[in-house]
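Here is how names work: the chains are called A, B, and so on, in the same order as the sequence lines, proteins then strands, and each is numbered from 1. Side chains included, hydrogens not; waters and symmetry mates left out as well; all remaining heavy atoms used. These figures come from a predicted structure and were not determined experimentally.
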Amino acid sequence: MNIFFICALRAEAKPFIEALNLKKLLDQRAFDVYKRNNFFLCISGIGKVKAAAATAYVLTAFSKNAGDILINCGVAGYNTPLISKGETVLINKITDQDTFKEFFPNIIISHSYKEHEIHTFSKAVSLSSPEKKEFVDMESSGVYIAASRFLYLNNIYFLKVALDNLSPEGIKEESILSVMSENVNSILNFAESADLLSQNTSFEFNFSQEDERKLSELFEKMKLTKSMKDKVILLLKKRYVYGKKTLPDMQNIIFPVTNKDERKKEFDKLIEYLS
Amino acid sequence: MTSLSNIYLKKPFSHIYVENQAFKYDETYRITNFFKNSQLIEVSDYRNVFNSHNQNFNLQKKTPDLILAVKKDNFLYKGSDLCHGYENMDFYYLTNMINCLYDCDYCFIRGMYTSANIVYFVNTNDFFDAVAEEALGKDVFIPISYESDLLVMESIFRIFARWYSFCVENSNVNIEVRTKSSCINVIKKYRPVKNILLSWTLSPDLIISSYEKKSPPLQKRIKAVNQALEAGWKVRLSFDPILLIDDAEKIYTSFFNQILSEIPVDFLFDLNIGFFRMPTTYFREFKSKTQFSPVLYSDWEYSGDHVTYSSDRKEKFMKSAEPYLKEFSRLTKVLYMV
């Protein structure tokens, strides 16, 4: 599975880029996207709208599977004794402070982080703000709304590192870099666990790339309609479920077709072969 | 699913979502206290979490969470007038709880809901009020567990206990409690009453081990049925759904034989038999969640608003099962579910 990181700031992203030796993809213009193997990182910029846009952008371009992992990580402000400075918190509820809509990342993984809810604001919140909350950021709701269109909710994670005691004006880039660097290894270990869990709990039927290529060739040769293709795929899935895990050699029993009658004849032959 | 994944899976009920309004009910505090090590997450409306799209139903089934909610309306649904065994009564059903601990490949809930998390409506008294009002001056029949299995979770939720007390005080309210559980101990302390029907779904062991995951084996269910009969409870058996998998005739005739020899069928209230069927509207979603189960792969026939096996396939089965079905009919009332 692919693993995506969405960070608002370069200082939040840098420890991941270095730890994973990610390389910038020069052909990506809308957002800075980094990649190595199955790891992707996108820097969104500050705010939920940019975060949603970046999430949709990178998932559209690079995610092919609802089992891919997405982790929104970055710093957040806190105003509660339950959370300590520098601590990574796994978010179990997001409230958008503009719409008051609630979102619930579905935590199915076993983990050692503290869990807490977060409130996403459109502007920085300080201790003097009347609407201040215990734990706040500016991206989570945007990332959730976009990512939940693509991925299973249990594969969307929000790991927020407590940084400022609701005094956003005093935040320095070095302090962001420092707290993120302290937490990067733990977050990468978490990402690895999330990936392993997702890989081992796939309930979706997917043909391998090689099998997909073979099927596509066969369908082209037989000029099958959509419903005919669906029937063939259903029978192949049935064979798989009943223990025949490899794709049968169908090319050799099928002749290329040139008209509807030939197609019908070859299709019936194939269905009989697979049944 | 590999054992590796179990290492990374959280424990069941590690998260309890509580609707704001549910905090008005003592039941909420009793349940949250029972799960005091779980994360408590406040929700303004339970549907925000239960109805979210893109939930991984199958993974949630492995380790469900709990949602405590308040049912606001539609406490009772009018049921079909066909085949419920209480022809002289008005038929309703209700859902005090949604989803259950068992993981049955064929369950219609797979097509009905996007979440496998368990919802418990804590305002049970409101259900009682609605039932009492509807039952004023007449007899009613109400299955209370169409969308859950209450008995297997009775030690935690005690829903049966509350309905039992209600039925004792309201003899015109007849309820059916459906179960696959073997938890006979939870009802042993109650005196059988004529307006509570305990209804066990029984299946061949091969079907149970393959398609009714986490549920008790047949022998344990038979034992529970016999104990309930001995205690004097009104008992219904349900062979529903019958799954026409490969060798179904052989598997089910052996099963029917076992039931006839191990359960005093003539002491039953009645027996329900039905082939797998599902509303067409649920079937699409059901298919997407059941891709790895042989249950899905059959020659389905779209019959009215339902999907079921082809008539030919059903007829073939009925022919081979005929001697057994005749014997069941001789011993008790048999209802064929359609």
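Both the backbone and the side chain of Tyr152(A) come within less than 4.5 Å of a heavy atom of chain B. The contact between Thr63(B) and chain A is made entirely by side chain atoms (from C-beta outward), counting heavy-atom distances below 4.5 Å. The contact between Tyr240(A) and chain B is made entirely by side chain atoms (from C-beta outward), counting heavy-atom distances below 4.5 Å. Contacts between Ser115(B) and chain A at a heavy-atom distance below 4.5 Å are absent for every atom of the residue. Residue Glu117(A): no heavy atom, backbone or side chain, is found under 4.5 Å from chain B. Heavy atoms of Leu235(A) lying under 4.5 Å from chain B are absent altogether. Looking at Lys93(A), only its side chain comes within 4.5 Å of chain B, counting heavy atoms on both sides.
Distance alone, capped at 3.5 Å, places no donor-acceptor pair between the Lys237(A) side chain and the Gln291(B) backbone. Not a single donor-acceptor pair under 3.5 Å links the side chain of Glu102(A) to the backbone N or O of Asn48(B).
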Can you list, pair by pair, the side-chain donor-acceptor contacts under 3.5 Å of residues 189-197 of chain A, counting residues two or more places apart and other chains?
residue: Asn189(A); atom: ND2; partner: Asn185(A); partner atom: O; Å: 3.4
residue: Ser193(A); atom: OG; partner: Asn189(A); partner atom: O; Å: 3.2
residue: Asp195(A); atom: OD2; partner: Gln199(A); partner atom: NE2; Å: 3.0

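Distance check, rounded to the nearest 0.5 Å: CZ of Phe104(A) to CG of Asn117(B) gives 11.5 Å. Distance check: Lys62(B) NZ to Ile108(A) CD1 gives 11.5 Å after rounding to the nearest 0.5 Å. The CG atom of Leu296(B) sits 6.5 Å away from atom CG of Leu234(A), with the distance rounded to the nearest 0.5 Å.
Scanning all heavy atoms of the two residues, the minimum distance from Leu153(A) to Ser52(B) falls at CD1-CB, 3.6 Å.
Using a 4.5 Å heavy-atom cut-off against chain A, the contacting residues of residues 15-25 of chain B are His15(B), Tyr17(B).
In this structure, Arg213(A) places its CZ atom where more than 12 heavy-atom neighbours from other residues, nucleotides or ligands lie under 6.0 Å away. More than 12 non-hydrogen atoms from other residues, nucleotides or ligands lie less than 6.0 angstrom from NZ of Lys114(A). With a 6.0 Å radius and a threshold of 12 heavy atoms from other residues, nucleotides or ligands, Asp268(A) has its CG atom above the threshold. Atom NZ of Lys264(A) has 12 or fewer heavy atoms from other residues, nucleotides or ligands within 6.0 Å. Environment of CG in Asp249(A): crowded, with over 12 heavy atoms of neighbouring residues, nucleotides or ligands closer than 6.0 Å.
Between the side chains of Gln55(B) and Asn106(A), no donor-acceptor pair of N or O atoms lies under 3.5 Å.
Taking 4.5 Å as the limit, every side-chain heavy atom of Tyr8(B) sits out of range of all side-chain heavy atoms of Thr201(A). Side-chain atoms of Leu151(A) and Asn54(B), non-hydrogen and from C-beta on, never get closer than 4.5 Å to each other.
In terms of heavy-atom pairs under 4.5 Å with chain A, the best-connected choice from Ser44(B), Ser293(B), Ser288(B) is Ser44(B). In terms of heavy-atom pairs under 4.5 angstrom with chain A, the leader among Asp45(B), Ile41(B), Asn56(B) is Asn56(B).
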